[in-house]
Amino acid sequence: MIIVLKQGTTKDQISALSNELNQQYNVTVNAWYGEHSTVLGLLGDTAKIDIEYIQAQSIVESVKRVQEPYKKANRKFHPDNTVIKVGRNTIGDGSLTLIAGPCSVESSEQMEIISGRVKKAGAGILRGGAFKPRTSPYAFQGLRAEGLYLLLEAKRKSGLPIITEIMSPSHLPLFEDVDIIQVGARNMQNFELLKELGHCNKPILLKRGLANTIEETLMSAEYIMASGNENVILCERGIRTYETYTRNTLDISAVPVFKKLSHLPVVVDPSHAAGIPWLVEPLSLAAVAAGADGLIIEVHNNPEKALSDGAQSLTPDTFDQVAAHVTQLTEAMGRKVNNWGVAE
């Protein structure tokens with residue numbers, strides 16, 4: 001970290017600030033005296049240093065980090081890819097995992113139909129929302145605990161591991177048998193929730209926020225990891241831009257950037273990014289080509305009557321086609337597809 005001091009700063013002021021930084025953060029402070037300004041160089045673990053506090057000091061002109069503030073999520077400190085096992089699926093080892101299912105869990109019959117079809121098509125993990133964050137308070141909010149029960153019942157019958165979204169730390173006891181806990185885009189910076197998820201031993205799929213930067217996403221992952229849980233999966237699900245044709249804009253470049261900066265696996269959600277069913281396949285293929293470790297796709301047996309996000313959901317027949325084409329591309333790239341669930 002580099003701190004540039006204002007012209008006219010005295011040596012006593014420099015000494016006082018240096019001693020404070022050394023004692024409070026256990027860093028070494030080196031000073032370089034120039035003709036017009038003085039520069040302090042901080043050596044050591046600067047991740048916990050509050051930049052805003054330093055900038056507020058009357059003698060400070062500017063502050064700049066030399067290294068990224070995220071340490072545990074940083075590939076520099078963890079050069080090997082993190083590989084996360086979920087049932088018989090491995091996420092992050094170069095293979096591709098298909099995650100599929102409805103936006104919302106609606107009924108036992110629905111989950112039985114969809115879980116059977118997506119598994120047959122090649123999905124290795126079943127998705128389904130029990131707790132649903134919705135923009136409108138009048139929209140369907142999910143079946144909550146009953147929805148979790150139906151999702152777990154589908155897991156038991158199909159053998160597929162499951163992923164579902166959590167809304168509050170108070171719901172954690174209900175997620176004991178869930179295989180992957182999802183943090184939705186709206187909760188990406190719910191820091192109290194992230195810290196609580198850091199205390200559990202389950203993989204966490206962290207979705208990038210609608211208007212958040214790559215570094216902010218990695219800092220949210222750092223919250224989970226700093227609390228003790230290093231099994232984090234990043235998810236690019238599209239960001240808000242000036243474009244209105246699609247629901248969001250899928251940032252394909254985020255996939256290789258995340259992989260360059262971090263060792264964590266990266267999954268792409270083309271359904272929320274596009275909001276249009278026919279765009280799911282080309283965006284899925286683009287994500288595979290960019291190096292994504294997985295795809296999470298919304299599939300509904302009757303999209304026209306879906307209680308949420310029916311407009312962007314694929315039918316099981318369409319998912320069959322998408323999964324087949326994705327598998328062809330993945331294998332052409334010399335990769336394999338994890339197309340099985342938990343061993344029967």
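This chain uses plain numbering: 1 for the first residue, then up along the sequence. Just so it is clear, the structure is predicted and the values come from calculations on it, not from any experiment.
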List for me each residue that meets side chain to side chain contact (heavy atoms under 4.5 Å, CB included) alongside [X], sequence neighbours excluded, and say none if there are none.
X    : result
Y245 : E243, I276, W278
N81  : R75
P69  : R65, E215, M219
F191 : Q189, L194, S220, Y223

For F131, give me all partners under ring pair (Phe, Tyr, Trp, His ring centres under 6.0 Å), at least two apart in sequence or on another chain.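 Applying ring pair (Phe, Tyr, Trp, His ring centres under 6.0 Å) to F131 gives H171.
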Of all residues at least two apart in sequence or in a different chain, which pass the ring pair (Phe, Tyr, Trp, His ring centres under 6.0 Å) check with H325?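 Not a single residue meets the ring pair (Phe, Tyr, Trp, His ring centres under 6.0 Å) criterion with H325.
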If we only count heavy atoms from C-beta on, is the [X] to [Y] side-chain gap below 4.5 Å?
X    : Y    : value
K202 : N231 : no
P265 : T82  : yes
K72  : H78  : no
L193 : M167 : no
P161 : I180 : no
I54  : M1   : yes
L172 : I181 : yes

Going by side chain to side chain contact (heavy atoms under 4.5 Å, CB included), V267 matches just one of T97, I233, L96. Which one?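 Passing option: I233.
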Under the criterion side chain to side chain contact (heavy atoms under 4.5 Å, CB included), which of L197, N187, I204 is the partner of I166?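 Of all the options given, the one that passes is L197.
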Assess the residue pair D93 and S95 against the criterion (side chain to side chain donor-acceptor pair (under 3.5 Å)); give the C-alpha distance rounded to whole Å, side-chain angles, the decisive distance to 0.1 Å, and a yes or no. CA-CA 6 Å; D93 67 343; S95 62; 2.5 Å; yes
Hey, quick one: are [X] and [Y] part of the same hydrophobic cluster, counting side-chain heavy atoms closer than 4.5 Å, chains of contacts allowed?
X    : Y    : answer
L250 : I239 : no
Y149 : L151 : yes
V39  : I49  : no

Partners of [X] by salt bridge (charged side-chain N to carboxylate O under 4.0 Å, His left out), sequence neighbours excluded?
X    : value
R156 : E153
E112 : K157
K76  : E68
E192 : K195

Begin with the C-alpha distance, continue with both residues' side-chain angles, and end with the deciding distance and a verdict on side chain to side chain donor-acceptor pair (under 3.5 Å) for S227 and H199. CA-CA 6 Å; S227 295; H199 299 311; 4.7 Å; no
Output the distance between atom CG (L98) and atom CZ (R127), rounded to the nearest 0.5 Å.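 The distance works out to 13.5 Å.
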For the CD1 atom of I162 and the CD1 atom of I99, what is their distance to the nearest 0.5 Å?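 Those atoms lie 12.5 Å apart.
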Only counting residues at least two apart or in another chain, list the ones meeting side-chain hydrogen bond (donor to acceptor under 3.5 Å, both in side chains) with E230.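 E230 satisfies side-chain hydrogen bond (donor to acceptor under 3.5 Å, both in side chains) with no residue once adjacent residues are dropped.
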For residues 292-302, please give each side-chain donor-acceptor pair under 3.5 Å, one per line with the distance, not counting sequence neighbours.
unit_1: D293; atom_1: OD1; unit_2: K259; atom_2: NZ; d: 3.4
unit_1: D293; atom_1: OD2; unit_2: K259; atom_2: NZ; d: 2.7
unit_1: D293; atom_1: OD2; unit_2: V266; atom_2: N; d: 2.8
unit_1: E298; atom_1: OE1; unit_2: Q312; atom_2: NE2; d: 3.1
unit_1: E298; atom_1: OE2; unit_2: H272; atom_2: NE2; d: 3.4
unit_1: E298; atom_1: OE2; unit_2: Q312; atom_2: NE2; d: 3.4
unit_1: H300; atom_1: ND1; unit_2: N302; atom_2: N; d: 2.8
unit_1: H300; atom_1: ND1; unit_2: N302; atom_2: O; d: 3.2
unit_1: H300; atom_1: NE2; unit_2: E106; atom_2: OE1; d: 3.2
unit_1: H300; atom_1: NE2; unit_2: E106; atom_2: OE2; d: 3.2

